[in-house]
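This structure is in structure tokens; I'll ask about it shortly.
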Amino acid sequence: MAYSDKVLDHYNNPRNMGSFGKEEDGVGTGIVGAPECGDVMKLQVKINDDGIIEDAKFKTFGCGSAIASSSLATEWLKGRTVDQALAIKNTDIVEELNLPPVKIHCSVLAEDAIKAAVNDFLNRSGKPTQAVGDGSAS
Amino acid sequence: MTVNTPIYMDYQSTTPMDPRVLEAMLPYFTNLFGHPSSRNHSFGWAAEQAVDAAREQVAELIGASAKEVIFTSGGTEAINLAIKGVADMYAEKGRHMVVAVTDSRPVQDVVKHLVRERGFEVTELKVDKEGRVSADDVRAALRPDTVLVSVMMANNEIGTVQDMAAIGKVAKEAGVIFFTDATEAVGKVPVDVQAMGIDLLALTGHKIYGPKGVGALYVRRKNPRVRLSAQIDGGGHERGMRSGTLNVPGVAGLGKAAELCRTEMAAESVRIAALRDRLEAGILAALDEVSVNGSRSHRLPHNLNISFAYVEGESMLMGLKEVALASGSACTTATLEPSYVIRALGVSEELAHSSLRFSIGRFTTAEEVEFVIGRVVETITRLREMSPLYEMAKEGIDLSQVHWSAH
Ligand SMILES: Cc1ncc(COP(=O)(O)O)c(C=O)c1O
């Protein structure tokens, strides 16, 4: 498998790898995928009082493209509003990372992870959830 | 300590050719270019001599006689000839075969073809958690219409070596032909078609430091005499079983490779097993939650298959880019399914995704092994820091109880 330079860069220098405490104020956590399918992404957002994503973190079990998709997602999330975050499409990730067709599911998973994280934040802060993703591990 | 990268640890996929093999082949590309069936001039005689010598060399490696060796274009063709040849020749006896679940991909595909196109039925032999077939299971699977038992001698992914003599005995008692894909075993562990009761055996050049595109099928001539329907018709070469002008340089190379394996196996397997054991011990000492797939007591000396929990195979290969390796992860196969061999051991899908196969060989050095241990430990440690599963496991969460979202 040949990887695009951008996938390699995210794999070798992952952005925002790590975790926030799930119970911290303003934190939303999304965990999507399944170990038996070979990929699990955990994506977390930290949202301030103005509804802006201040920080984002990820941890991913999966192939290089899955790692790169989630790393890229955290980069894109920072500074966005909740609505802007929910507007990120998997096709944007495919395009940015030059993912081949067999790796498109990695981008879908990243989009689901974003939605799951944001919805978790909205749930926890008592706001109505929006555009439901594939759901987080519950 | 200096090593040249990339380091090759994928000997079970293919081996580099031994320079002595190349040397034995070269004359047959140039001066000695004759056709081995040309009986009326010295060009033909020289080629025929080379083929005869190679037939002896291959036969000697597996305890056969030269007349029982049919040259083919490789392991895949030998497997096709054996299984389809029996299916055709023994059609009046029945259409049932017994095949090990971990048998090789070419065997599975040939059998699937017979099921689909010819109405064959197959009984799949389960394996234990080490990947071994039990002779009792073979006995229980036999039917009056069984024409073939196929059990691969040594597995290409996990290296498990079967108890061939016990299985061969069961087949013999029942009068059923016993075939084995021995491509991974020949030249690495002692093979004796007599003691093991093998009737048909496939081998290939490129797994024993010989050339690609040449292999052989052993076809028993006595007790019983096994007959095969040819799958390639033509000039009636190879006792009518496989027509086509022989690849003389390739055949000469296969013969030389077989001879080298026979004369060097005893010392070589000890040296290689010691390197493999060091690789295994070095990795296991430095990392937690790693498990060896297959059998530790019945294993090819050059194979090591390990699952690294909480890390996915393709991402490991990406991190270990200076090392040529194979993985059982779905992401590294065309089928998008994790290894059926590792799954057959009862290993979870998750751990099948997390497996790496290290296969070393004749040209592997102790320095390379040390280098690879270091790189594996580094890479797994880094990827585990990145793994949400490792984090959850360390927090004491039972991953099997988590409700995962499917996708
Ligand atoms: C177990 C097994 N059987 C058969 C083959 C096929 O042999 P060949 O490549 O010579 O067709 C291979 C490897 O390629 C193998 O690993």
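Reminder, nothing fancy here: chain letters follow the sequence lines and each chain counts from 1.
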Are any of the side-chain heavy atoms of B/E312 and A/T60 separated by less than 4.5 Å? no

Does atom CD (A/E95) have a neighbourhood of more than 12 heavy atoms from anything else shown, all under 6.0 Å? no

With a cut-off of 6.0 Å (strictly less than), are more than 12 heavy atoms of other residues, nucleotides or ligands near CG of B/N4? no

Nearest heavy-atom contact between A/K42 and B/P388 is CB-CB, 3.9 Å

Close side-chain approach of B/Y310 to A/V40, heavy-atom, < 4.5 Å: no

Nearest 0.5 Å please: distance from the OG atom of B/S348 over to the CD atom of A/E36. 8.5 Å

Residue pair B/S315 / A/G62: nearest heavy atoms and the distance that separates them: CB-O, 3.1 Å

Only one of B/L399, B/L351, B/V402, B/L389 passes side-chain contact (heavy atoms from CB on, under 4.5 Å) with A/P35; say which it is. B/L389

Do the side chains of A/F61 and B/M386 get nearer than 4.5 Å, heavy atoms only? no

Measuring from atom SG of A/C37 to atom NE2 of B/H353, what distance do you get when rounded to the nearest 0.5 angstrom? 6.5 Å

Would you say the side chain of A/Y3 lies within less than 4.5 Å of the side chain of B/E314, judging by non-hydrogen atoms? yes

Does NZ in A/K89 sit with more than 12 non-hydrogen atoms of other residues, nucleotides or ligands closer than 6.0 Å? yes

State, to 0.1 Å, how close B/M318 and A/V7 come at their nearest heavy-atom pair, and which atoms those are. CE-CG1, 3.9 Å

Is a donor from one side chain sitting under 3.5 angstrom from an acceptor on the other, for A/S19 and B/E391? yes

Quick check on A/N12: does its CG atom have over 12 non-hydrogen neighbours (other residues, nucleotides or ligands) under 6.0 Å away? yes

Search all heavy atoms of A/I31 against all heavy atoms of B/M392 and return the closest pair with its distance. CD1-CE, 4.5 Å

B/D398 atom CG, over 12 foreign heavy atoms within 6.0 Å: yes

